Structures are given as structure tokens and as C-alpha cells.
Enquirer: 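First the structure, then my questions, so here it is.
A, B, ... follow the sequence lines: proteins, then strands. Residue 1 opens every chain. We use all heavy atoms of the structure for the numbers below, so side chains are in, but hydrogens, waters and symmetry mates are not. Note that the structure is predicted; figures quoted are calculated from it, not measured.
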Amino acid sequence: MVRVRFAPSPTGLVHVGSLRTALYNFLFARHHGGVHILRVEDTDRTRYVEGAVENLLRTMEWVGITFDEGPAHGGDYGPYTQSERTETYRKYADELIKNGKAYPCFCTSERLDEVRKHMQATGQPPMYDRHCRNLTDEEIEVKMEAGIPHVVRLRIPLGETITFNDLVRGDVSFDSKTIDDQVLLKSDGFPTYHLANVIDDYMMKISHVIRGEEWLSSTPKHVLLYRAFGWEDSMPKFAHLPLLLNPDRSKLSKRQGDVAVEDFRDKGYLPDALINFVALLGWNPSATEEIYSMEELIAQFDLAKVNKAGAVFGREKLDWFNAEYIRKKSLDELLILVKPIAKDRGYMVSDEYLKKVIHLMQERSRSIFDFVDFAGYFFKAPTEFEEKSKAKNWTPEAKERIAQLLPQFKALTDWTHESIEGIVRSYAEANTLSAGKLIHPLRLAVSGVGMGPGVFELLEVIGKDEVCSRLEYAIANL
RNA sequence: GGCCCCUUCGACUAGUGGUUAGGUCACCACCCUUUCACGGUGGUUGCACGGGUUCGAAUCCCGUAGGGGUCACCA
């Protein structure tokens, strides 16, 4: 039975790296008909952010990643929030101490800092000097009696090689002498990630741990913990995903641009586009196809095809995906997305009108904001006119021709792009002009810019009265 | 610095001993065209380097270089 978990720490907004981890867990679970679990790892009280869990839930819903068990979903292995499980962790930590697999450590953080500094100064790797590893029972008791704060550390066996198999990277080995006597229980009684993670994965019967590569070097600690508990036989399989990278190939971070899923939503990206893009960062089904729906991703997903090397989060291709998904949407779907934006800009138009605008803008929009922000002329008359186009197209002759065209427009009873085009083309023909001599100045006068949808469609949508009034304005003022 | 991981066009990647090294984004050119897009056609650019193994290496082995991650009472 495949049981996987997405285990975020509620410390803020959801990072796109976390999104990819959640996505792969979700795809893997669904592909195998398994269970996808959400577990909240809130053992660091100092970093906890109010509302982060709610935000996470909303974000996951927005992108279409669902869970079968979790704080808001129920399940037989709860609670799914680590701060509600502290008794369990303490119990297991005690068991480890009794078995001699762990020991209490009374060192102050000041002492620890000094030790670290000294080791670095003498060119050694900064590790705990195991000062409390061999305290006698009496010494421990005395310090306990005195109420000296302590942590619990794992007694790492000396001189062992820990090897585990990673589904992405194959066998990976570590020498135990390079591993610190890890803190399992902090002095505030809360567990560290390592302890809570191993206990929960065991108790929740997790079959596969799919997480970012930043965890690879702490995996031997986890393996040792499974051994210390005697749970080695039910140890999950590990799969460490390649990191998402900044353009300079460092770990993807804020500072070099937006990294929160919310930022992408706020910039007009569609969830399906983001998912499609992120899914293909570090994994590829070996096909030439690029566009995949969530259902197709589930059908295709295979951990064996996850790459080893980190992937740069390149926004150009994300933009392409977004444009691609915008083109695939129906007018009604787009209306729902664009309407609030138009409203926000103060453009009060009917749904019918907005749909016409959307239709003309659909294949030129890369973001859902483009429908409104690159097409302001559909909503209000231009007050500024692009200088470049003006210099090129708004010649005195052009102005004269537009003035001659205007009465014909006014007389037109059938205001469709076909009949508008008919008028313009026959005028051009009668005067042996290329149609462009009329089209370009018309566009400028009506829209204020030199680019956009086909002019005749543009004029049709904007409407006869408005077009005529804009032309009159341009003739008088430009 | 120690340990671990990684290395195919600028980016995402296909490729698992024999390919003219393929696709997508971006870029360039041309076509379509009233502009911008869309679409179509074509194109520039890549196996980090050095040794092996082999009749034959992007593919296997070793080394070097480069990049990244990690070394907290954070996850």
C-alpha cells in the first residue's frame, strides 16, 4: 500500500519548491492508488506563522492537489499536526535513553558555540564534542535534580558506514564519524525534525518519503533512528528530488524573484499552467509532448524518471505554458477570471462586451491581466497616442482621408467588421491607395497604440458611436 | 573546510555502447498578414575536461575541474 506524505512547516507562504514536492507526492499516490497525507510540522514554535496552514490549504486547493488524510481531512493515524503529538515524541525519546541509544545533554548554547568556533579555528568540521555522551547515571541525576535544562541527543555509533538506497540516486553511503550526535528533543520539550519525522512516518505507515535533496545528508541520521527504535524492517523507501534553482544555479530563493505560489497567482498565472510547468522540472515522461493535464500527469508519473540534477526555474517557459493554457480556455472560463480584474480597474462593462474583448485578446495574452491591461482602449478612449506610430501614420494626408471616411462610418447601419472593412477597402481602391494607409491611422486614432487585434474587429467591438467620437477627437486634436 | 549529490544546446529535457545527438521554450530568418500576436517552414547553439575499457562511447570505469546541498535546541 502506497502511503506518502507532504510535510510542510507552517512558516509562511507556499514556496514553488514545496509545491513541486507536494505535486510529486500527490502524483505518486494517485498513480498507485495510494494515500496522500498532509502532515503539519510545526515543532519550531519560534517560526510558526499564524494562518500559514489555512493559506497552505487554500493554495493546494487552487492548484488541485488533494489529500486523503490530514488536519482538515481526518484519518486513522492522527493527529496530523506535530505540536499535538509531543507526548508521543517524549515517550519515544525516553525509551531511547533507557536503551542507551540516546542521552541527555546539559551543555549550554554558549558552550556549544565556543566548541564550534574552536573546531573551525583548528580546521576541523564543526561538530558537537560529545561532552555529555558519557555522563554517569549519578551525574545525570544530580543535574536533573538541579533543574538544569537539557536536550536529548542521539548516540551515533562510531565507525559505521550507513548505506541506504535512494530511488532517485541509487545507493548512498555515509561514514558515521561525520555525523553529529543529533539533538532529538529540544530543551523546550519539543522534538526536532529528525525525531518527529521518523516517529510519524513510522506510526503513519508511510511507505515512501519523497522530499527535496536538501534532506539527503540527514537521511543517515534517520536510518540510524529507525535502527535505534528497531523499526528498520518497516523503514520507508527514500526518494530525494533535485532542487529547483535560481538562474545562477543556487537553491531557488526569494531575492531573485517571486517564489511563492501566491505570487504567481497574483501575476495572472493559471494553476494548470503552473502545475504543468513545475511537473516537468526534474521529471519527464520521455515523450515529446509538453502539455499535460493533471490526469495525464497522474497516469504518466514515475519516480524512476525523476532527474538527479537540479533544474533552473526558467520563467520564459512558464509564460509560454500560461499563454498556451489561456488559449485553451473557453470564453466563459476566461470571463470568470477576467471580470474581477476589469472591475478592479474601474471598467464597468457588460459580460457580453467583455467576452468580445476576451475573444480578440485571447491569443495575444500571456497573463490574465493582459486581457485588460494591454487593451485599455476597449474600456476608455485613449488620451495619449503612441509617438512612434503617430509620426509614421498620422500624416496630414492620412488625417484628411480619415475625415472623409468618417461620414461613411456614421451612415453605416450594419456595424460589423465585414461592412467596415468593405467601406475602408473600397475607399482605398477608389483612391488607388494601399489599405494600410487607412488602417494604421484608424488604429492609432481609435486605440492610441500601434498594435493589437485586427482593426475591423476592434472597431466593431468598440461600437459605432464610440468609434466616431474617437475619430472626431483625433481629427480635431492630433 | 569535512561529508554527500550532480554535470547533454542560454533554459527544461530525450538519450541507458553503433542516432546526421531528438523535442520544447527563448533567439534569428522567411512565409501568412493591416499592426501585434497566433500558425507554418527553416536555422544558430550542446554531450565540462583528461585518461582508460571497447571494433565502436553522451552512454561503462578512473581521475580532474566546475556547480549545488549539508554540517543549528530550523525544517
Enquirer: Roughly how many Å is it from CD in A:E457 to P in B:rC38, rounded to a whole number?
Expert: 17 Å

Enquirer: Side chain of A:T288, heavy atoms from C-beta onward: which of B:rG23, B:rC4, B:rA75 has the nearest atom to it?
Expert: B:rG23

Enquirer: Just the rounded figure in Å: distance from C1' of B:rU24 to CG of A:D319.
Expert: 15 Å

Enquirer: Base, sugar-phosphate, or nothing for A:F174, non-hydrogen atoms under 4.0 angstrom?
Expert: sugar-phosphate

Enquirer: Side chain of A:M451 only, please: which of B:rC73, B:rU35, B:rU34 is the nearest?
Expert: B:rU35

Enquirer: Please list, in numerical order, the residues of residues 211-224 of chain A that have a heavy atom closer than 4.0 Å to any atom of RNA chain B.
Expert: A:E213, A:E214, A:W215, A:L216, A:S217

Enquirer: Who are the side chain to side chain donor-acceptor pair (under 3.5 Å) partners of A:R366, not counting sequence neighbours?
Expert: none

Enquirer: A:P126 side chain: which of B:rU35, B:rC71, B:rU13 is closest?
Expert: B:rC71

Enquirer: Just the rounded figure in Å: distance from P of B:rC36 to CD of A:E386.
Expert: 11 Å

Enquirer: Check every atom of B:rC73, B:rU13, B:rU34 against the side chain of A:L112 and return the nucleotide holding the closest atom.
Expert: B:rC73

Enquirer: Any base atoms under 4.0 Å from A:V151, or only sugar-phosphate, or nothing? Heavy atoms, all strands.
Expert: base

Enquirer: Counting any heavy atom closer than 4.0 Å, what does A:R443 reach on the DNA or RNA strands: base, sugar-phosphate only, or nothing?
Expert: base

Enquirer: So which of residues 354-378 of chain A are in contact with RNA chain B, with a heavy-atom cut-off of under 4.0 Å?
Expert: A:E363, A:R364, A:R366

Enquirer: Which part of the nucleic acid does A:R153 contact within heavy-atom distance under 4.0 Å: base, sugar-phosphate only, or nothing?
Expert: sugar-phosphate

Enquirer: Please output the side-chain donor-acceptor pairs of residues 276-288 of chain A that fall under 3.5 Å, not counting sequence neighbours, one pair per line with the distance.
Expert:
unit_1, atom_1, unit_2, atom_2, d
A:N276, OD1, A:Y292, N, 2.8
A:N276, OD1, A:Y325, OH, 2.5
A:N276, ND2, A:E290, O, 3.0
A:W283, NE1, A:D302, O, 3.3
A:N284, OD1, A:S286, N, 2.7
A:S286, OG, A:K305, NZ, 3.3

Enquirer: Just to be sure I understand the rule, does A:E290 reach a base, reach only the sugar-phosphate, or reach nothing, if contact means heavy atoms closer than 4.0 Å?
Expert: base

Enquirer: Using atom P of each nucleotide, how far apart are B:rC36 and B:rC31 to the nearest Å?
Expert: 13 Å

Enquirer: So what does A:S187 hit on the nucleic acid, given a heavy-atom distance under 4.0 Å: a base, only sugar-phosphate, or nothing?
Expert: base

Enquirer: Using atom P in both nucleotides, what's the gap between B:rG18 and B:rC25 to the nearest angstrom?
Expert: 29 Å

Enquirer: How many whole angstroms separate atom NZ of A:K308 from atom P of B:rC5?
Expert: 11 Å

Enquirer: Just checking A:P453: base, sugar-phosphate only, or nothing, at a heavy-atom cut-off of under 4.0 Å?
Expert: base

Enquirer: Would you be so kind as to tabulate the donor-acceptor pairs closer than 3.5 Å made by side chains of residues 428-444 of chain A, with sequence neighbours excluded?
Expert:
unit_1, atom_1, unit_2, atom_2, d
A:N431, ND2, A:Y427, O, 2.7
A:R443, NH1, A:P453, O, 3.0
A:R443, NH2, A:P453, O, 2.9

Enquirer: Need one value for A:K437: base, sugar-phosphate or nothing, where a base atom within 4.0 Å counts as base even if backbone is also close, heavy atoms only.
Expert: nothing

Enquirer: Base, sugar-phosphate, or nothing for A:N307, non-hydrogen atoms under 4.0 angstrom?
Expert: sugar-phosphate

Enquirer: Regarding A:F190, tell me which of base, sugar-phosphate or nothing describes its non-hydrogen contacts under 4.0 Å with the strands shown.
Expert: nothing

Enquirer: Across the strands shown, which category fits A:R47 at heavy-atom distances under 4.0 angstrom: base, sugar-phosphate, nothing?
Expert: base

Enquirer: Whole-Å distance between B:rA75 P and A:L195 CG?
Expert: 11 Å

Enquirer: In whole angstrom, what separates A:I156's CD1 from B:rC3's C1'?
Expert: 14 Å

Enquirer: Mind checking if A:P441 touches a base, just sugar-phosphate, or nothing, with heavy atoms under 4.0 Å?
Expert: nothing

Enquirer: Rounded to whole angstrom units, what separation is found between the CG atom of A:L438 and the P atom of B:rU33?
Expert: 19 Å

Enquirer: Name the pairs: protein N/O against N/O of nucleotides 57-64 of chain B, kept only if under 3.5 Å.
Expert:
none

